[in-house]
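Note sheet for the following structure.
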Amino acid sequence: MPRPYGLLRAGFPYLKSLGMRRLTNFPIDIALGSDGWMYVLCRQDGTALVRKYSFEDEDGGNFGDVGDDEGKLQWPVSIIADSEENLFISDEALNRISCFSSDGEFISSFGEYGVEKGQLDRPAGLAFDAEENIYVVDSKNHRLQKFTKNGELILGWGSHGDGEGQFDLPWGITVDELGDVYVADWRNDRVQKFTSDGDFIMEFGHSGTGNGEFNRPTDVTVDMDGDIYVCDRGNNRVQLFNAEAGYVDKFVGDATLSQVAREYMMTNASPNRIRDMAVLEPQKLLRQPRSIAVDSDGHLFITDTGSYRIQVYQKEAIHLEPHQFAPPMRSVTLHQE
């Protein structure tokens with residue numbers, strides 16, 4: 001579907017929270033599956049697992065064992081799902097990408113430590129292009145590399161620095177429906193955009209706490225309208241930009257108790273008393289969000305890592321035709337004295 005000529009932004013309200021500590025414990029990434037299911041990558045010291053979870057707050061079980069043998073995870077970072085719902089997971093401790101079926105059966109892996117082409121040093125973000133080739137953020141090598149799903153190197157670009165096409169510990173990545181590549185350039189506090197061949201298109205953002213500024217961005221994604229979302233982890237928020245990288249809005253957290261958390265609280269008297277004694281306002285805020293995802297229904301998913309849950313927002317926007325959307329204006333000022 002082509003991008004709209006223009007958008008009437010009607011709102012972007014909070015919709016719901018999913019998960020709780022005993023289920024989605026330290027969620028660091030999320031892959032969207034079919035029929036309302038998602039795959040939540042959870043990680044903490046001594047634990048690395050993938051939990052299948054539904055949009056209706058239902059637990060579908062989990063898989064994952066800690067270790068360095070084939071089929072095990074040690075310090076995973078990113079998860080993506082292909083068209084057959086096979087799951088690819090980057091592991092920065094093992095310097096490899098592992099593939100599992102949707103029920104957790106190990107299929108294959110590729111990657112080895114090194115600085116040469118095709119080798120990896122602390123791989124982080126993953127993203128598919130339209131042909132389901134995999135872009136890998138090769139973080140400590142300060143570059144991107146593109147592989148087939150079998151691990152054959154196709155191309156790569158980047159070096160250490162803060163110039164155009166350079167990176168300083170890049171982290172998150174996405175590929176939009178046009179094939180352009182966006183990278184959350186973590187220590188440079190910016191996002192860079194490239195063609196599929198690595199030609200620089202634009203960059204936006206710099207260090208700070210104001211609108212359009214970043215403090216260690218960890219993820220980036222783009223919806224079908226061309227809107228850009230950046231997970232601004234150090235500022236405990238997600239920022240929304242239009243396709244030209246103009247700042248639009250931010251999400252700082254509006255969580256309520258998820259359905260599964262409510263059911264748990266109803267059978268446990270002590271947590272109810274503790275919650276009654278607490279100041280609730282900070283409980284709704286994002287704490288160290290790590291990743292984001294958007295679906296075709298306009299849902300924005302945020303892994304609220306420090307609070308062991310996923311916050312979901314609902315985009316409300318109306319697509320405009322040319323006769324409904326005036327040409328660009330020299331000034332956005334609506335009234336002048």
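Just so you know, these numbers come straight off a predicted model, no measurement behind them.
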Worksheet item: Hey, do the aromatic rings of F55 and H299 have their centres closer than 6.0 Å?
Response: yes

Worksheet entry | Pair F88 and F128, ring centroids less than 6.0 Å apart | yes

Worksheet item: What closest approach, in Å, do P123 and N95 show between heavy atoms, and which atom pair accounts for it?
Response: CD-OD1, 3.5 Å

Item to complete: Going by the side-chain contact (heavy atoms from CB on, under 4.5 Å) test, name the single residue among D254, N236, V252 that passes it with L285.
Response: V252

Discussion item. Do Q239 and D232 pair up side chain to side chain, a donor and an acceptor below 3.5 Å, judged on atom types alone?
Written reply: yes

Fill in: Residues D199 and K193 bridged, charged N to O under 4.0 Å
no

Worksheet item: Checking salt bridge (charged side-chain N to carboxylate O under 4.0 Å, His left out) for the pair E92/K140: CA distance, chi angles, key distance, verdict?
Response: CA-CA 10 Å; E92 65 176 354; K140 288 198 72 176; over 6 Å; no

Practice prompt. Measure across N86 and C99 and return the closest heavy-atom pair with its distance rounded to 0.1 Å.
Written response: CB-SG, 4.1 Å

Practice prompt. Could you check R96 against D91 for salt bridge (charged side-chain N to carboxylate O under 4.0 Å, His left out), going step by step and ending with a plain yes or no?
Written response: CA-CA 6 Å; R96 71 185 181 200; D91 195 314; 5.6 Å; no

Worksheet item: Taking it one step at a time, do K315 and D225 satisfy salt bridge (charged side-chain N to carboxylate O under 4.0 Å, His left out)?
Response: CA-CA 11 Å; K315 184 176 186 178; D225 296 331; 2.9 Å; yes

Worksheet item: Taking 4.0 angstrom as the limit, do D129 and K146 come out as a salt bridge?
Response: yes

Item to complete: Decide if the gap between the ring center of Y14 and the ring center of F251 is smaller than 6.0 angstrom.
Response: no

Discussion item. Please find the pair of heavy atoms, one from P170 and one from V137, that lie closest to each other, and give the distance.
Written reply: O-CG1, 3.3 Å

Fill in: Aromatic F26 / basic R43 pairing, under 6.0 angstrom, 45° off normal
no

Item to complete: Mind checking the CD1-OG spacing from I302 to S291? Nearest 0.5 Å is all I need.
Response: 9.5 Å

Worksheet item: Could you state the interatomic distance from OG (S196) to OH (Y135), rounded to the nearest 0.5 Å?
Response: 5.0 Å

Discussion item. Closer than 4.0 angstrom, basic N to acidic O: yes or no for E177 and R3?
Written reply: yes

Fill in: Value rounded to 0.5 Å, distance of CE in M20 from CG in N25
9.5 Å

Worksheet item: Do R287 and D304 meet the salt-bridge criterion of a basic N to acidic O distance under 4.0 Å?
Response: no

Practice prompt. State, without any angle test, whether E213 and H206 hold a side-chain donor-acceptor pair at a distance under 3.5 Å.
Written response: yes

Discussion item. When you compare the side chains of R22 and Y308, does any donor N or O come within less than 3.5 Å of an acceptor on the partner?
Written reply: no

Worksheet item: Do we see a donor-acceptor contact under 3.5 Å between the side chains of E203 and Q192?
Response: no

Practice prompt. Output the distance between atom OG (S17) and atom CD1 (I310), rounded to the nearest 0.5 Å.
Written response: 9.5 Å

Worksheet item: How close do Q283 and R309 get, heavy atom to heavy atom, and via which atoms?
Response: O-NH2, 2.7 Å

Discussion item. Once you measure the plane-to-plane angle for W186 and W171, does it fall in the parallel (<30°), tilted (30-60°) or perpendicular (>60°) bin?
Written reply: tilted

Worksheet entry | Salt-bridge present (D185, R190; N to O < 4.0 Å) | yes

Response to the item:
With D223 as partner, the option from D295, D176, I228, V294 fulfilling side-chain contact (heavy atoms from CB on, under 4.5 Å) is V294

Worksheet entry | Interatomic spacing from CZ in R273 to CG in N268 - rounded to 0.5 Å | 14.5 Å

Discussion item. Could you tell me if Y53 and D59 have a donor-acceptor pair between their side chains, going purely by distance under 3.5 Å?
Written reply: no

Worksheet item: If every non-hydrogen atom of F167 is compared with every non-hydrogen atom of N188, which pair is closest and at what distance?
Response: C-ND2, 3.8 Å

Worksheet entry | Atom pair CD/CH2 of E85 and W37 - distance to nearest 0.5 Å | 11.0 Å

Item to complete: Using a cut-off of 6.0 Å, state whether more than 12 heavy atoms not belonging to Q314 lie near its atom CD.
Response: yes

Discussion item. For a quick check under 3.5 Å, do D197 and T195 share a side-chain donor-acceptor pair by atom type?
Written reply: no

Worksheet item: Can we call the ring centroids of W157 and F194 under 6.0 Å apart?
Response: yes

Fill in: Minimum heavy-atom distance T218-A184, with the two atoms named
C-CB, 4.1 Å

Worksheet entry | Pairing of R290 and D29 as salt bridge, 4.0 angstrom limit | no

